[in-house]
Amino acid sequence: MSTRTSPRYASNTGVIAEAQIALGDMLIDSVDAVGEIALHVRREVLVDVMRTLRDAMQYQQLMEIAGVDYPSRADRFEVVYCLLSLTRNHRIRVHVATDDRKPVPSVTGLWPVAGWLEREVFDLFGVLFEGNADLRRILTDYGFRGHPLRKDFPLTGHNEMRYSEEEKRVVYEPVRLAQDLRTFDFASPWEGGAYVLPGDEKVAEAPGAPTPLKADEVKK
């Protein structure tokens, strides 16, 4: 007796042949690997491809839109669409290639949820989507520079980003460190540099609990 609890998806048998007939020259390549089918299609006809997959091949649901960065390629980005067919109990992926200048046609006319998913790919990779009426950042803050999931996005630097209460916006400033190395001890681990943090000026004004004793002030 099987102990499998997750639903068993339908076989990939015949799916690629069906897609080749339905998509014709809109299909560049098709791959069946590790139990999944990937269809690589021409970017400019993406909407027609997705409409065909939805209406003719019964892939009704758009589950996800993801981005992949291949910096060595001329079209360095791939936008990957994950589709699910409820009637066929089958999943399929659609891939299109682009760069940071050539826009990808938006599929919000087929699936309204694509608006949020396209914004995420735009925010994190910088891929443009033509026809998305609200293409703006969704995960990073206002004024953020760059796209965090690009392979060439710097992981370290000499600037820090913070929200300025005075300017009511995100600002970039040189990194300022109180000290390069802190020495901790088990009795009083937070003693160290003379840090001045936002809100410290309110400590003397607001009543509250007394300041805890330092390690050398505790009566033995």
[X] versus [Y]: any side-chain heavy-atom pair under 4.5 Å?
X    : Y    : answer
R51  : L110 : yes
R137 : R119 : no
D48  : M26  : yes
I28  : R42  : yes

*Could you list the residues that satisfy side chain to side chain donor-acceptor pair (under 3.5 Å) with E120, not counting sequence neighbours?*
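Checked E120 against side chain to side chain donor-acceptor pair (under 3.5 Å); zero matches.
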Minimum heavy-atom separation for [X] and [Y], please, with both atom names.
X    : Y    : result
M57  : A22  : SD-CB, 4.2 Å
G67  : V121 : N-CG2, 4.2 Å
G131 : S106 : C-CB, 3.8 Å
Y81  : L46  : OH-CD2, 3.2 Å
L149 : D69  : O-CB, 4.4 Å
P71  : K151 : CG-CB, 3.5 Å

Are [Y] and [X] co-members of a hydrophobic cluster defined by side-chain heavy atoms under 4.5 Å apart?
X    : Y    : answer
L128 : V68  : no
L84  : I92  : no
L124 : V170 : no

Are the side chain of [X] and the backbone of [Y] linked by a donor-acceptor contact shorter than 3.5 Å?
X    : Y    : result
W111 : Q60  : yes
D123 : L139 : yes
R43  : V104 : no

So, taking the atom named [atom1] in [X] and the one named [atom2] in [Y], what distance separates them when rounded to the nearest 0.5 Å?
X    : Y    : atom1 : atom2 : value
I21  : I16  : CD1   : CD1   : 12.5 Å
D134 : E118 : CG    : CD    : 11.0 Å
C82  : M63  : SG    : CE    : 9.0 Å
K102 : D100 : NZ    : CG    : 8.5 Å

Between [X] and [Y], a side-chain donor and acceptor under 3.5 Å:
X    : Y    : answer
H90  : N12  : yes
N132 : T108 : no
Q58  : T87  : yes

By side chain to side chain contact (heavy atoms under 4.5 Å, CB included), E130 pairs with (sequence neighbours left out) P103
Does the ring of Y163 carry R169 above it, NZ/CZ under 6.0 angstrom from centre and within 45° of its axis? no
Could you tell me how the ring of F153 sits relative to the ring of F144: parallel (under 30°), tilted (30 to 60°) or perpendicular (over 60°)?
->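 Rings of F153 and F144: parallel, as their planes differ by under 30°.
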E18 and R88: salt bridge (Lys or Arg N to Asp or Glu O under 4.0 Å), yes or no, with the steps? CA-CA 13 Å; E18 182 182 357; R88 302 170 63 132; 3.1 Å; yes
If you apply the rule side-chain contact (heavy atoms from CB on, under 4.5 Å), what do you find for Q61 with L83, and how did you get there?
CA-CA 6 Å; Q61 291 193 1; L83 303 182; over 6 Å; no
For this session: State whether D152 and R76 are salt-bridged, where the test is any N-O pair (Lys NZ or Arg NE/NH1/NH2 against Asp/Glu carboxylate O) under 4.0 Å.
Result: yes
Exercise. Does R73 come within less than 4.0 Å of D99, counting only side-chain N to carboxylate O?
Worked result: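 D99 and R73: not salt-bridged.
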From CA spacing to verdict: side-chain contact (heavy atoms from CB on, under 4.5 Å), V80, H95: CA-CA 5 Å; V80 183; H95 296 238; 3.6 Å; yes
Worksheet item: Where do V41 and V94 land on the side-chain contact (heavy atoms from CB on, under 4.5 Å) test, with the steps shown first?
Response: CA-CA 7 Å; V41 303; V94 179; 3.8 Å; yes
side-chain contact (heavy atoms from CB on, under 4.5 Å) with T98: of F129, F125, F77, only one passes, and it is F77
Item checked: Criterion salt bridge (Lys or Arg N to Asp or Glu O under 4.0 Å) on R91 and E36, from CA distance to verdict -> CA-CA 8 Å; R91 293 179 183 267; E36 299 181 357; over 6 Å; no
Could you please spell out the steps behind the side-chain contact (heavy atoms from CB on, under 4.5 Å) verdict for T52 and L23?
CA-CA 7 Å; T52 299; L23 300 179; 3.9 Å; yes
